*Asks:* 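Just passing along the structure, written as structure tokens.
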2 protein chains.
Amino acid sequence: MNPQKKSSPPVRKTFHHGNLRKALLEAGIELARDGGPQAVVLREATRRAGVAPNAAYRHFSSHGELLQAVRAAAISLLARAMETEIAAVPRSKRLAESARQVFRAVGRGYLKFALNESGLFRTAFSVADPVEDDADAAKTGRSGLNPFQLLARALDRLVSTGVLPQSRRAGAEYLAWSAVHGLAYLIIEGPLSGASDKEIRALSERVLKMVENGL
Amino acid sequence: MNPQKKSSPPVRKTFHHGNLRKALLEAGIELARDGGPQAVVLREATRRAGVAPNAAYRHFSSHGELLQAVRAAAISLLARAMETEIAAVPRSKRLAESARQVFRAVGRGYLKFALNESGLFRTAFSVADPVEDDADAAKTGRSGLNPFQLLARALDRLVSTGVLPQSRRAGAEYLAWSAVHGLAYLIIEGPLSGASDKEIRALSERVLKMVENGL
DNA sequence: CTGGAATGTGTACGGCGTCCACACCAACGT
DNA sequence: ACGTTGGTGTGGACGCCGTACACATTCCAG
């Protein structure tokens, strides 16, 4: 048969690919990165892996399952971006101040990721919501933490340092998440998509402040 | 007008349809209503209009253009839902109180629509953002007002009644919109999709309060 | 060594968006 | 009255997509 059909990478010596599942996942992630969820096309992923379309079905029972895997990976990458932002927070002696800074870093990381990786961000939050698999997440990113858990931790810290009264803790994740996610949307798909970085940064700070004050 | 077009067999007496553009748009809206943007399939719309697939190209230059028209209609319907909610606000003597009520009604209308018409809501806010055409909007819904303008009015009222200081008016639309839109997302596609009506109503009130306090 | 179990291939089907050539029909100017 | 013209709908075809079924190749356990 045809020894090859593309050229650049997908020449494969062995009949078996080695780790096709991973290759397809990574191709899918790349597709999602520039193009969003719509761009995650099963046949294109197999093409990039240098393999026949149906080979994908040995590893994903359907296109939707591949998309879910990509989605889980995107969520994992988002969590990593948030962790990175948290790690960059200057350590402060004052615990309360520190907790506040971490809380803000969580929001900033979320928004930065939405802005810099809008394709992956949109993929992460498109489609339905089967709770992300920690097993899959562990394969791609390494952290077992998802964005929701990171936010919950930051809020717990706010409570334990006395910044946020315990009585307002319940459900606070949803208030904070709502505001930040909504802003992310406005920025990447909504009417703020043409805004300058400066404006965006300013608005981000205001939203975060609004959340702190109104939580 | 048209002798028929609705009956089970979409048999058409005349060769010309009469108002195919409108029929396609309405079919598209129906498709979006249950199924979201993904479900707006050109061929299916033509089927429902009882017409050959290519007939659509006399009225929409591409599938995307049909989708945009449906999207504009969905936005218009959202605006109507918000207006309805505003109209239901009890008139109060105290202007400040009234302004606050209207502001909340804007948020409630938005969230109610997201909940009750999630397909249309998702359609309204999927895809890119070419400013909605007032001409198209006028054809479907009657109001020339879009959700953004309704929100802006409510905020203006808050300022003129002294509830919101003028200094915080600029950009306030985006803060409010972020929070409410984010909550809408969490409810219809996110981790709150399984929540009860009671929980949702409670969270909605908290978000609105958060916005008022933190604006 | 051998015979399944994994894994990848080939072929085919129906659905989609879209292009092109053609058929139909209404309205208008002569 | 009529013929032309241009807007409107039809028919067929193309290339993409996701997916099903049968088959080929390879790996590994007994």
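Chain naming here is simple, since letters A, B, ... match the order of the sequence lines and numbering starts at 1 in each. These numbers come from a predicted model, not from an experiment.
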*Asks:* Under 4.5 Å between any side-chain heavy atoms of L183(A) and V180(A), yes or no?
*Replies:*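 No, their side chains stay 4.5 Å or more apart.
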*Asks:* Starting at atom CG of L31(A), determine the distance to atom P of dC17(D), rounded to an integer number of angstrom.
*Replies:*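 It works out to 10 Å between those atoms.
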*Asks:* Write down the distance between CG (L20(B)) and C1' (dT10(D)), rounded to a whole number of angstrom.
*Replies:*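 Taking atom C1' of dT10(D) as the reference, CG of L20(B) is at 13 Å.
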*Asks:* I need the CD-P distance between Q38(B) and dG18(D), as an integer number of Å.
*Replies:*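 Nearest whole value for this atom pair: 12 Å.
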*Asks:* What does the list of N/O pairs under 3.5 Å between the protein and nucleotides 15-17 of chain C look like, with a distance for each?
*Replies:*
residue : atom : partner : partner atom : Å
dC16(C) : OP2  : R47(B)  : NH2          : 2.4
dG17(C) : OP1  : L42(B)  : N            : 3.0
dG17(C) : OP2  : L42(B)  : N            : 3.4
dG17(C) : OP2  : R43(B)  : N            : 3.0
dG17(C) : N7   : R43(B)  : NH1          : 2.3
dG17(C) : O6   : R43(B)  : NH1          : 3.1

*Asks:* Using distance only, find each side-chain donor-acceptor pair of residues 208-215 of chain B under 3.5 Å and give its atom names and separation, not counting sequence neighbours.
*Replies:*
residue : atom : partner : partner atom : Å
E212(B) : OE2  : R104(B) : NE           : 2.8

*Asks:* Would you mind reporting whether F125(B) and L78(B) have side-chain heavy atoms less than 4.5 Å apart?
*Replies:* yes
*Asks:* What I want to check is whether the side chains of S196(B) and E199(B) have a donor and an acceptor closer together than 3.5 Å.
*Replies:* yes
*Asks:* What's the closest nucleotide to the side chain of N54(B) if the choices are dG8(C), dG10(C), dC19(C)?
*Replies:*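 So the nucleotide nearest the side chain must be dC19(C).
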*Asks:* What is the distance from CG of L24(A) to C1' of dT7(C), rounded to the nearest Å?
*Replies:*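 Atom-to-atom, L24(A) to dT7(C), this comes out as 12 Å.
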*Asks:* How close or far is atom C1' of dG9(D) from atom CZ of F60(B), stated in whole angstroms?
*Replies:* 15 Å
*Asks:* Take atom CZ of R58(B) and atom P of dC20(C), then tell me their distance rounded to the nearest Å.
*Replies:* 12 Å
*Asks:* So, does H63(A) use its side chain to make a donor-acceptor pair with the main chain of R43(A) at under 3.5 Å?
*Replies:*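 Between the backbone of R43(A) and the side chain of H63(A) there is no qualifying donor-acceptor contact (under 3.5 Å).
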*Asks:* Just to verify, what does R169(B) make a salt bridge (charged side-chain N to carboxylate O under 4.0 Å, His left out) with, not counting sequence neighbours?
*Replies:*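 Partners of R169(B) under the salt bridge (charged side-chain N to carboxylate O under 4.0 Å, His left out) test: D156(B), E173(B).
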*Asks:* In whole angstroms, how far is the P atom of dT18(C) from the CG atom of L67(B)?
*Replies:*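 L67(B) atom CG is separated from dT18(C) atom P by 11 Å.
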*Asks:* Hey, is the side chain of H59(B) poking within less than 4.0 Å of OP1 or OP2 on dG7(D), counting only N and O atoms?
*Replies:* no
